[in-house]
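Let me begin by presenting the structure, written as structure tokens, before commenting on it.
By convention in this document, chain letters (A, B, ...) are assigned in the order of the sequence lines, proteins followed by strands, and residues within each chain are numbered from 1.
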Protein chains: 2
Amino acid sequence: MSYYSYLECSKCGKKYSKDEPHNLCECGGPLLVRYDFDEIKKNVDKNIFKTRKKGLFRFKELLPIDDENNIVTLGEGDTPITEARTLGRRIGFENLYIKDEGLNPTGTFKARGAAVGVSKAKELGIKTIAMPTAGNAGGAWSAYSAKAGIKLVVAMPQDAPELAKKEAYIYGAKTYLVKGLISDAGKIISRGVKKHGWFDAATLKEPYRIEGKKTMGIEIAEYFDWEFPDAILYPTGGGVGIIGIWKAFNELRQLGWIKDKIPKLISVQAEGCNPIVKAFNKKKDVSEFCSGANTIAGGIRVPKALGDFIVLDAIKKSGGTAVQVKDSEILDSINLIARTEGLFICPEGAALVAAVEKLRKSNFLKSNEKIVLLNTGSGLKYPNLVSEKLPVIEIDNDI
Amino acid sequence: MSYYSYLECSKCGKKYSKDEPHNLCECGGPLLVRYDFDEIKKNVDKNIFKTRKKGLFRFKELLPIDDENNIVTLGEGDTPITEARTLGRRIGFENLYIKDEGLNPTGTFKARGAAVGVSKAKELGIKTIAMPTAGNAGGAWSAYSAKAGIKLVVAMPQDAPELAKKEAYIYGAKTYLVKGLISDAGKIISRGVKKHGWFDAATLKEPYRIEGKKTMGIEIAEYFDWEFPDAILYPTGGGVGIIGIWKAFNELRQLGWIKDKIPKLISVQAEGCNPIVKAFNKKKDVSEFCSGANTIAGGIRVPKALGDFIVLDAIKKSGGTAVQVKDSEILDSINLIARTEGLFICPEGAALVAAVEKLRKSNFLKSNEKIVLLNTGSGLKYPNLVSEKLPVIEIDNDI
């Protein structure tokens, strides 16, 4: 079913066998999954995917799971793309779309990475996975690990969102709250991994979650009849989503399955944590550590991403850009998109709404371009960002 | 596209035209949508549904929307059905499945009713909808009304779940918190409807949400290759879900699209609010008002359902039963299914896990029967039911 061939270092090109667990390359570069495209071209018709049961594993030929029995699924993927007509009209776009990753298991796009990552861990015979998390990835990997019967050790900052803690707890992950930042949690996990022989599934140290996330790109291409839209906006923290979509674009192009248009990939960050925006503006190939990182959008509060060089390369090669928005704009956008489109989205997703409006005003994006905002999660996971003020009435009051 | 013919009273059989808004029949009975089955048989092949874009509107011939332009969608329906092998083994079933309605927009099955109800309201030219709600229906109808540009007035008990209040608020519904029960909210809405000429969308006073919910039944039949499973367990509050599934079964049977097996429909309630269980055990055709109704599962805290007679009829005719569970069993089940199947489900759904175990022990259900638990919503909407206790560590601690 899978045409997975080998792992390849994204920095030095060194190859690794697919049949045992790997983390980073010797050189420190993240490893990427490579497929046998000649065989896929020969044997796979892209129209077959539509006929299969919904969910991201319908793209199994382009995923790294060799034996279907190892698939661990909770029904992730195939999230809806809806046209945002009212919002589009309001901010100046005729063809604005939102892909809502909030309808994944555990309420975020992290479920895609976890589905493929945990499935592959099962296939490789891994017994215990360990990872640091800001919150949502921990929730997702906890759920899939529970389903797979694999042990999971998670460390997250003590101030992580309440719901992320509750998720890790209820799914039975061994969870530690760290008096520090996610980088501190990462160091604790690294020491634990060395001491106990656990598998380290930190972002990009684990090569398979990218494959799960790239299915967002395949779904977008398929939705628009195998053509990418003019632009895709993505909130950028660790950057795996944008790397995954760029990987999807390049794989589909290599297979000759998509029309020629290159989608502008647009990275959106918060003013309080903007390493990619700064690096892009300065035309740098890598980002600098953003000290004092601070934003309400916890998923993009990543001071320095391991894969920053891949993200910056994708933005540049696709003719995209990087945009930053204020936290106040994020909050306003949560309200705007709820009232115009009936979507209660996460702050990371709301940042895109503010960003796309800026890009219209600056004329970087034209009103008739086909644009997809990739909302990464449900607003239900961020109840604290909504302060409702509602009238209380007596039972004999009229309204 | 639609083969909708007319509305028919579920009590007296009186017919109503489909072209203007209706609530209850003159006799007080809820109205049901009827289709032209002869024409559907002639013109529609059931295998066509699979080829369409996912979501419940792919069953458009069996839904009451005449003009596709009136469809208001947020990507509802086509929720995953997953096999619960670990849980099944634990409690004695070989073929246990869970359909997870938590992956709908707004996190519950209420999105299905709202999608069809609001679409039809748009088609009928309704400007303002009003409804009482315990919480989740208000959230769902608020989202779809926002997308449709229809005004919504909602009244909910002051002690409704926080997230339901936040949803109604953020989607811009005119929301009142009532110092009383949902029945008090209902009276306030009724008076408002009379005074202002709003459309009353209270449960079963509005004929179209059943149509949305019946798509759960169609999806189940399609999943099992057009055969219903041996039993479907459903948490029963207002009863619209079970009525919808029973309606789906009967319509599919009338169309000759399904194999003969009749699914046992099993209604699950909480000990603290069990009107259907009591009526079923006493072989009554209607339920009695359950005073002092009390359970942590707010969605099934309905003391007397308007459609109780249809629910009881469906249970009886299908060879099903009605089961009650304790709140403590619901809480235990939330944990059990999270740790075995990676699903964080709502208390109403968790009641099914406790109930199906009882039915195995009593031998009402056999170990080899094919059983579907219909989880109605995401646990993310009930954060208060999880009290996590997690160790806090310093950054130089080892784990």
Side-chain angles (χ1 to χ4, degrees), chain A residues 51 54-55 73-75 78-80 82 86 100 103-105 107 143-144 146-147 149 153 155 158 162-163 165-167 169-172 175-180 184 187-188 191-192 195 334-335 338-344 378-381 383 386 388 390-395 397-399, chain B residues 50 54-55 73-75 78-80 82 86 100 103-105 107 143-144 146-147 149 153 155 158 162-163 165-167 169-172 175-180 184 187-188 191-192 195 334-335 338-344 378-381 383 386 388 390-395 397-399:
Chain A
T51 67
K54 84 166 202 79
T73 179
L74 297 170
D78 275 331
T79 54
T82 52
T86 310
D100 188 5
L103 298 194
N104 275 305
Y144 286 88
K147 176 88 179 173
V153 182
Q158 194 179 4
E162 278 310 305
L163 265 166
K165 295 178 195 170
K166 286 177 193 291
E167 283 186 310
Y169 175 78
I170 198 150
Y171 291 126
T175 308
Y176 296 94
L177 302 180
V178 179
K179 288 187 184 170
D184 300 308
K187 285 172 200 158
I188 291 170
R191 293 198 302 270
K195 186 170 154 190
I334 290 177
N335 278 283
R339 282 165 195 239
T340 52
E341 297 299 332
L343 295 171
F344 178 22
S378 168
L380 292 173
K381 296 194 87 169
V386 181
E388 74 280 13
L390 299 172
V392 179
I393 61 174
E394 306 285 340
I395 58 175
N397 285 166
D398 278 343
I399 53 176
Chain B
K50 263 189 193 158
K54 83 165 203 78
T73 179
L74 297 169
D78 275 332
T79 54
T82 50
T86 309
D100 188 5
L103 298 194
N104 275 304
Y144 287 86
K147 175 89 180 171
V153 182
Q158 194 179 3
E162 278 312 304
L163 265 165
K165 296 178 196 172
K166 286 177 193 288
E167 282 186 309
Y169 175 77
I170 198 150
Y171 292 126
T175 309
Y176 297 94
L177 302 180
V178 179
K179 288 187 183 169
D184 300 307
K187 285 172 200 158
I188 290 169
R191 292 199 303 271
K195 186 169 153 190
I334 290 176
N335 278 284
R339 283 166 195 238
T340 52
E341 297 299 330
L343 295 170
F344 178 21
S378 168
L380 292 173
K381 297 194 88 170
V386 182
E388 74 279 13
L390 298 173
V392 179
I393 61 173
E394 306 285 341
I395 57 173
N397 284 165
D398 279 343
I399 54 176

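Contact annotation: the side chain of Ile188(A) never approaches that of Asn397(B) to less than 4.5 Å [non-hydrogen atoms, C-beta and beyond]. Side-chain contact between Leu380(A) and Glu167(B): present, with at least one pair of heavy atoms (C-beta onward) separated by less than 4.5 Å. Contact annotation: the side chain of Ile170(A) approaches that of Asn335(B) to within less than 4.5 Å [non-hydrogen atoms, C-beta and beyond].
Here the shortest heavy-atom pairing between Arg339(A) and Tyr169(B) reads NH2-O, 2.9 Å. Heavy-atom minimum distance, Thr82(A) versus Thr73(B): CG2-O, 3.9 Å. When every heavy atom of Pro80(B) is checked against every heavy atom of Gly75(A), the shortest pair comes out as CB-CA, 3.6 Å. For the residue pair Lys54(B) and Asp78(A), the shortest heavy atom distance occurs at CE-O, 2.6 Å. For the pair Ala338(B) and Ala146(A), the tightest heavy-atom approach, listed with the atom from each and the gap, is O-CB, 3.6 Å.
Contact annotation for Gln158(B): only side-chain heavy atoms (C-beta onward) come within less than 4.5 Å of a heavy atom of chain A. Only the side chain of Leu163(A) comes within contact range of chain B, with at least one heavy atom under 4.5 Å from a heavy atom of that chain. Contact annotation for Ile399(B): both backbone and side-chain heavy atoms come within less than 4.5 Å of a heavy atom of chain A. Within the 4.5 angstrom heavy-atom criterion, atoms from both the backbone and the side chain of Thr175(A) approach chain B. Residue Lys195(A) touches chain B through its side chain alone, counting heavy-atom pairs closer than 4.5 Å. For Phe344(B), the parts lying under 4.5 angstrom from a heavy atom of chain A are both the backbone and the side chain. Neither the backbone nor the side chain of Asp100(A) comes within contact range of chain B, judged by heavy atoms closer than 4.5 Å.
Contact tally against chain A (heavy-atom pairs below 4.5 Å) for Ala155(B), Gly192(B), Ala143(B): the top residue is Ala143(B). Your options are Val392(B), Ile334(B), Asp184(B), Leu343(B), and the one with the most heavy-atom pairs under 4.5 Å with chain A is Val392(B). When each of Arg191(B), Glu162(B), Lys165(B) is scored by its heavy-atom pairs under 4.5 Å with chain A, the top score falls to Arg191(B). Counting heavy-atom pairs closer than 4.5 Å to chain B, the top residue among Gly149(A), Pro105(A), Gly107(A) is Pro105(A).
Taking Lys187(A) as the reference, nothing meets the salt bridge (Lys or Arg N to Asp or Glu O under 4.0 Å) condition, with sequence neighbours excluded. A search for side-chain hydrogen bond (donor to acceptor under 3.5 Å, both in side chains) contacts involving Thr86(A) returns nothing, not counting sequence neighbours.
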